[in-house]
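Worksheet: one structure, shown below.
Being a predicted model, the structure only gives us computed values, none of them experimental.
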Amino acid sequence: MTESLGKYTFRIFRYDPERSARPRRDTFEMEVSRGMTVLDCLQAIKAEQDGTLTFRRSCRSAICGSCAMNINGKNDLACHLQVALLRGRRIAVEPLPGYPVIRDLVVCMDEFYDSLMRVLPWFVRKTGFPDRELPQSPADRDRIDNAVNCILCGSCTSSCPSFWYNNRSIGPGALLKAFRFIFDSRDEARGERLALVDGRDGVWRCRTVYNCEEACPKGLRPNEAIAALKIAALKETV
Amino acid sequence: MRRYHYRWGEGMWSHVLHRVSGLALLVYLTMHIWVIHHVQKGEESYDALMRSLSTAPFRVGESLLLAAILFHSINGIRIAALDAGIGMRNHRATFWIVFAVCAVLGITGGIYLVFLAE
Ligand code: FES
């Protein structure tokens, strides 16, 4: 038997537009043992206390990005965050801020995906592809190391006040993706992409609040990518 | 509108205080122009206005103005540095440094403005 951590109270955001237009918060108590993640608790609550509790999850190993939510005021992956790491015995679980809520903890991610599409999130090669692989030096690979591990969970963009104020702003998630290609030594659409992120909805919407740095569950730093893009945009598009 | 319960970090405080102090400076500059335009109305009118501006409430207002100028300018340098990619890893610490410098200068200046200035 794993060690018990005692009773925890979960205060969970509930919203079911078919029943009521107003969201509410439901409270659940449960016994938590060491090693349990927030997602484990949500699954237990759904199985044992309220089968209507709705949330997204798939891989349960912090790689698919579907279980991102706001836990105790900070965005994180529910399957990655262990309850033992949280301070206090009351845990507030809310859907990701900034996106429209569909039901309970499930949000509509369309705005996030649309923002990604705006930075051309694919590899562009105008001079054609060689017959074999396209090699890259370890130093060139290191340059984009910050960005290739993104799992598109949407936590960063959802934590960004510039995105809350204006959902036309591209947001840190898509800007990190833009960085990933703009600074990839093999990509050949640097100019177009830089022009896309240089607009008023792009890097200049960043107000250096840096919620995104803390929000990223993979420890990436979208804020540093944005700073690099600001400098590149100034140097190369003026 | 959904209420967001996002945890406030140093970046949030920096952003909101910067916005608020910026708006305060905008209001002040407008008032300042209005005050200065009394110069062309003659010495008497200007002196009378100046007298009413050295009463206690305006002195307190002046020290708040000082606080806004200090924060907006010093934090502005910090933000410009961050935009240039300088000090990104220490952005929390630099916020507190800016805050401490503003507090020391602001309180000293405020005491002078409210109690000691002619
Ligand atoms: S369930 Fe896949 S990231 Fe959490």
Nearest 0.5 Å, what's the [atom1]-[atom2] distance between [X] and [Y]?
X	Y	atom1	atom2	result
A:Cys206	B:His15	SG	NE2	10.0 Å
A:Arg207	B:Leu82	CZ	CG	14.0 Å
B:Arg7	A:Glu214	CZ	CD	5.5 Å

Practice problem: Considering non-hydrogen atoms only, spot the tightest contact between A:Ala227 and B:Gly85 and give its length. | Solution: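 Distance-wise, the nearest heavy atoms are CB-CA, 4.1 Å.
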Take atom [atom1] of [X] as the centre, draw a 6.0 Å sphere, and report whether it contains more than 12 heavy atoms from other residues, nucleotides or ligands.
X	atom1	value
A:Phe183	CZ	yes
B:Trp13	CH2	no
A:Arg168	CZ	no

Practice problem: Measure B:Arg78 against the heavy atoms of chain A and call it side chain, backbone, both or neither at under 4.5 Å. | Solution: neither
Self-check item: Check: B:Tyr6 side chain, A:Cys160 main-chain N or O, donor-acceptor pair, under 3.5 Å
Solution: no
Quiz prompt | Pairs of heavy atoms under 4.5 Å with chain B: top-ranked of A:Asn223, A:Ile231, A:Ile226, A:Val209 | solution =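 Of the options given, most contacts go to A:Val209.
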Practice problem: Evaluate the criterion side-chain contact (heavy atoms from CB on, under 4.5 Å) for residue pair A:Glu224 and B:Arg89; output intermediate values, then yes/no. | Solution: CA-CA 9 Å; A:Glu224 293 187 4; B:Arg89 293 275 162 111; 2.6 Å; yes
Practice problem: Carefully, step by step, assess A:Thr208 and B:His91 under the rule side-chain contact (heavy atoms from CB on, under 4.5 Å). | Solution: CA-CA 9 Å; A:Thr208 65; B:His91 67 94; over 6 Å; no
Quiz item: Is it the side chain or the backbone of A:Lys74 that comes within 4.5 Å of chain B heavy atoms, both, or neither?
Solution: both
Quiz item: So do B:Glu10 and A:Tyr210 actually touch side chain to side chain, heavy atoms under 4.5 Å?
Solution: no
